[in-house]
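See structure below.
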Amino acid sequence: ESVQESVQESVQESVQESVQESAEEIAPPRGRVELHCHLDGSIPPATLLRIARRRNLSLPGLAGELPVTEEDIWTALRSMGSPWRWFDLVNAIIGGDERTLSEVALEFVGRQAMQNVSYTEVRYDPLRAATSSLANSSIEPERAVRAIEAGLRTGSERHGVEVHQLLCAMRGSLSAACFDLARLAAATRSGRLGGVVGIDLAGDELHFNNSRGDVEACFQYAKKTLGLNTTVHAGEMAGPEDVRSAVETMLADRVGHGCACGWRSNLWTADLMRPTTPKAHDPSPTTPKPHDPCLPHCSTDSAVEDSGLLTLLMRQGVHLESCPAGHHNNLNATGIYRARGLNFGISTDDPAVYFANTSMSSIETLVQTRLGFSADDVARAHANARRASFAPHAARVVARRGGQDVVRLKARGGGGEAGSLGLFAAAGTICLLVAGLSWTARRWYRGRARGLAWRRRVRKAMATLDLASQDDTTSATHRP
């Protein structure tokens, strides 16, 4: 609670500034759901600058000086080389400090609320969040999880949305680290707002696929022994064998990206690119990027194998967390998911300007203009994601808006705001009926009792009058 109180005032203004520009372009539909978003891939440069200066951090590439402008943040990121290491720098700026982690989580919820995302599961690596090489500080991973939970819960209650967290095991780490993370997730698992609802496997799939590092055994342990909800980054950079392994061996409930399912199948045709194919000079996300590590696997030489994998996913109803604007060209695969009737949703992945530079409204526009998605297609993707969410069946959300208390029930599988209110409204109606009947019964009983008492008094008075009348008559008869 003290962590929440210490950051609320300093964060409120920064949230307004960080989302004001994007909010002007965002349409107001309700019911958006995002299941695949990285916390350390969503932090604006302005927030990183503010935190680095407050913590007195000298960033790489700045000759030992403190950052002064957002351009200095960009310089520090570029100095790290591979984008994989950009995540290391972001975590070094925010990590190892409970106040900062809670602040970052609170700001994240504010940005989601501004985009009308009513339900989110945000993921991160708690081991990296617990340390900072720049600040030479560290905390226990569980304290990092609790700090982020506090920020997410405060933001959810304030903005009237529902946000939970997933803990990420990282590819390439020691095999024991994955088991430790699974046990941490089980220990911190919570159905409350901001709580841990599952685990994920993320990182460099190209060099550390599912067969490396005992991750298959780890996720079997997480599912069979600990009963955790699980999702796995698979097919983003490796081939379809990793997607099949995630479903059949690791028993994953959901698959992140899974682009190999679509890219390698021979199902991608021009008619899926309705209404028109992008022009040659159009730098659209549908044009493969030369540096994209997924490209060696984006061929059409395994159509039979991929067709069987798509059938497996369809038969088991595995939810695919598609990120159409991702760096590994998930857009084409998203079109195939729709064409084959698979269970998929849409997410931003790493929406920060230095990564994907996107938002949920931009994702919706992308699939509508490039893939010909209708409004119903978009709504169906969000409905799929809501049904695949890991949160408990329902969580009560209390928000403060416009000076009035707003109480809503966010139910898994609900349909928009009206659907989320249904169960709570029904319970409230029953309570009101019971209270009304009780009040009516009490009033009737009291009224009846008063009526009987009044009638007794009247009868007694009438009897008194009759006796008096008889005495007068007797007296008159015997009068001389």
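Small disclaimer: the values here were computed from a predicted structure and weren't measured. Index from 1, following the sequence.
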Any luck finding a side-chain donor-acceptor pair between Ser322 and Thr334 under 3.5 Å? yes
Residues passing the salt bridge (Lys or Arg N to Asp or Glu O under 4.0 Å) test with Glu142, sequence neighbours excluded, are Arg146
With sequence neighbours left out, write down each residue that passes side-chain contact (heavy atoms from CB on, under 4.5 Å) with Arg189, or none if nothing qualifies. Ala186, Leu228
With a 4.5 Å cut-off on side-chain heavy atoms, are Arg55 and Ser137 touching? yes
Going by distance alone, is a donor N or O of one side chain under 3.5 Å from an acceptor N or O of the other, for Arg386 and Ser118? yes
Distance only, no hydrogens: is a donor on one side chain within 3.5 Å (strictly under) of an acceptor on the other, for Glu34 and Thr348? yes
With a 3.5 Å cut-off and no angle check, do the side chains of Ser211 and Asn209 form a donor-acceptor pair? yes
Heavy-atom pair of closest approach, residues Ser42 and Pro351: CB-CG, 3.6 Å
Report the residues that fulfil side chain to side chain donor-acceptor pair (under 3.5 Å) with Thr225, sequence neighbours left out, ordered by chain and then residue number. none
Taking the side chain as every heavy atom from C-beta outward, state whether His382 and Val378 have any atom pair closer than 4.5 Å. yes
Can you list the residues that meet the salt bridge (Lys or Arg N to Asp or Glu O under 4.0 Å) rule with Glu70, with sequence neighbours excluded? none
Could you work out, with ring-ring contact (aromatic ring centres under 6.0 Å, His included) as the rule, every residue matching Phe208, not counting sequence neighbours? none
Please list all pairs passing the side chain to side chain donor-acceptor pair (under 3.5 Å) test where one or both residues lie in residues 310-321, with sequence neighbours left out. His36-Glu321, Arg123-Glu321, Thr231-Glu321, Arg254-Glu321, His319-Asn343
Could you work out, with side chain to side chain donor-acceptor pair (under 3.5 Å) as the rule, every residue matching Ser347, not counting sequence neighbours? none
Under the disulfide (SG to SG under 2.5 Å) test, which residues partner Cys218, sequence neighbours left out? Cys178
Salt bridge (Lys or Arg N to Asp or Glu O under 4.0 Å) partners for Arg212, two or more places apart: none
pair Ile148-Val104: side-chain heavy atoms closer than 4.5 Å: no
For a side chain to side chain contact (heavy atoms under 4.5 Å, CB included) with Leu152, tell me which candidate from Leu39, Val122, Thr120 qualifies. Val122
Holding to side-chain contact (heavy atoms from CB on, under 4.5 Å), I want the full list of residues that pass it with Asp88, two or more places apart in sequence or in another chain. Arg85, Arg128
List the residues meeting side-chain contact (heavy atoms from CB on, under 4.5 Å) with Thr249, not counting sequence neighbours, and say none if there are none. Glu216, Gln220, Ser245
Please name all residues satisfying side-chain contact (heavy atoms from CB on, under 4.5 Å) with Ser190, sequence neighbours left out, ordered by chain then number. Glu149, Arg192
